[in-house]
Amino acid sequence: MAKIIIQTEDFDAAAEAAQITQNRHDIGALVSFVGLCRDESQTLSALELEHYPGMAEQEIARIAGEAEARWKTKGLTIIHRVGKIKPGEQIVLVIAASSHRGDAFNAADYVMDFLKSRAPFWKKQHLLDGTSGAWVDAKDTDEASLSRW
Amino acid sequence: MAKIIIQTEDFDAAAEAAQITQNRHDIGALVSFVGLCRDESQTLSALELEHYPGMAEQEIARIAGEAEARWKTKGLTIIHRVGKIKPGEQIVLVIAASSHRGDAFNAADYVMDFLKSRAPFWKKQHLLDGTSGAWVDAKDTDEASLSRW
Amino acid sequence: MSVKLVYFAWVRERIGFGDETIDLPPEITTVADLLSWLARRGENYAYAFEKAAFIRAAIDKKHAPHTTLITGAREIAFFPPMTGG
Amino acid sequence: MSVKLVYFAWVRERIGFGDETIDLPPEITTVADLLSWLARRGENYAYAFEKAAFIRAAIDKKHAPHTTLITGAREIAFFPPMTGG
């Protein structure tokens, strides 16, 4: 069973990884993905993450369950933040643990791919000049990436 | 340029990740791989990691360079421990940072695949009963995995 | 049939509120029917659903293609393509 | 030609030491030649190299297939397939 949290606060990736591996000697591979708020143009004040309460948790649980059915995971933690997130801050964490690296890489990669295109979250840009910018558009490449699986 | 270290001491994955991301707003994805010492049979006292000094660093640098040429990375850190490592302890760390998750996942996955089969490290088992067990055999699946790239 | 409608992101912004409960005429049987019917309710809805094919829907918190029957639905959501992660 | 030979893992254990510097007869020109020649030097070498095709080699710290010419090599390493990571 995956650990799934949606929260406004930041998360501690190292503490989450330790929680998965502590007192276990059967985990050989731990893959962590951290998604961060980018701002290459230096115009962004924050991204505001909106989500569909209830559905977001349920949809992530469904994606996690598919990953767990497909690969031999020994731990799967997914934390997604909502609310305003500043450039450089963490948005999402996926940790997959397994005996072998292939399963851990695949599970983390799979979860992130489906999280991007299937979990009900939306990003709105708040700009440094005080205006609210556009909503971030979904990328065709994200949808196309799903066909890998 | 990748940061490459071979050391006997343990490493701090969170500190290494922070070193890559600090004061930067252009990193959107950070993939970390930690390889741990497994002991599902509960017979292992430690794995002893032997390496070929000089060649190990050089070979990892070559693998890292290929990953950096192939994917758009904005940070790549590789730490490999040598000496005796107990069950549950960390053996290897690969962190790849990029704007987008695909590049970060691919770079970390690629580096781990080639590290396994091309970097001159060898693992010997020391057992709880005081005897020295066999050297760990290379797996055909590791060599086969390289054909993905 | 009375159903709760919920809106997210720019669909919510364009409509002007996040949820409402409405009575649906019996001829509205699919998500696509509901989208067309809503688009005729006012300028705000017309604006939100101007590219109807682009809008995603969920019935009772599960993704639902536009061909899905809405019979028995308690909550129907409309939102743009998702951009989480 | 004088060359430094280095051995790792169970190749090192079977031979009994980690390195040596030896003079090679001129007819030894490839890694494969060197492996066969070493295997005839004693029981320890014969044991280490009994499955010669399985043994990996490096010349001056770069991987070298068995067909590689050893001309000009300063350090030649022999070791089992690698098991790092």
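Since the model is a prediction, treat every value here as computed from it, not as a measurement.
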side-chain contact (heavy atoms from CB on, under 4.5 Å) between B:Glu50 and D:Arg12, intermediate numbers included: CA-CA 11 Å; B:Glu50 179 174 335; D:Arg12 173 179 52 70; 2.4 Å; yes

Gap between atom NZ of B:Lys116 and atom CE of D:Met82 - 0.5 Å precision: 13.0 Å

B:Asp142 portion near chain D, given a 4.5 angstrom heavy-atom threshold: neither

Minimum heavy-atom distance B:Gln58-D:Lys61, with the two atoms named: NE2-O, 3.3 Å

Pairs of heavy atoms under 4.5 Å with chain D: top-ranked of B:Arg62, B:Met112, B:Glu59, B:Glu143: B:Glu59

Residues, nucleotides or ligands: over 12 heavy atoms within 6.0 Å of B:Phe11 CZ: yes

Point-to-point distance, once rounded to the nearest 0.5 Å, from CZ of D:Phe8 to CH2 of B:Trp135: 10.5 Å

Among D:Ala9, D:Pro81, D:Ala77, D:Pro80, residue most engaged with chain B (heavy-atom pairs, under 4.5 Å): D:Ala9

Option that, when pairs with chain D are counted at under 4.5 Å, heavy atom only, ranks first among B:Lys139, B:His51, B:Lys123: B:Lys123

More than 12 heavy atoms from other groups under 6.0 Å of CG on B:Asp129: yes

Whether over 12 other heavy atoms sit under 6.0 Å from B:Glu9 CD: yes

B:Arg70 CZ: over 12 foreign heavy atoms closer than 6.0 Å: yes

Largest heavy-atom contact set with chain D, pairs under 4.5 Å, which of B:Glu48, B:Arg118, B:His80: B:Arg118

Interchain contact, B:Lys124 with chain D, by part (heavy-atom threshold 4.5 Å): side chain

Contact leader toward chain B among D:Glu13, D:Glu75, D:Arg56, where contacts are heavy-atom pairs under 4.5 Å: D:Glu13

Heavy atoms of other groups near B:Lys72 NZ, more than 12 under 6.0 Å: no

Straight-line distance of B:Leu47 CG to D:Thr83 OG1, nearest 0.5 Å: 9.0 Å

B:Gln42, CD atom: more than 12 neighbouring heavy atoms under 6.0 Å: no

Distance (rounded to the nearest 0.5 Å) between D:His63 NE2 and B:Ser117 OG: 9.5 Å

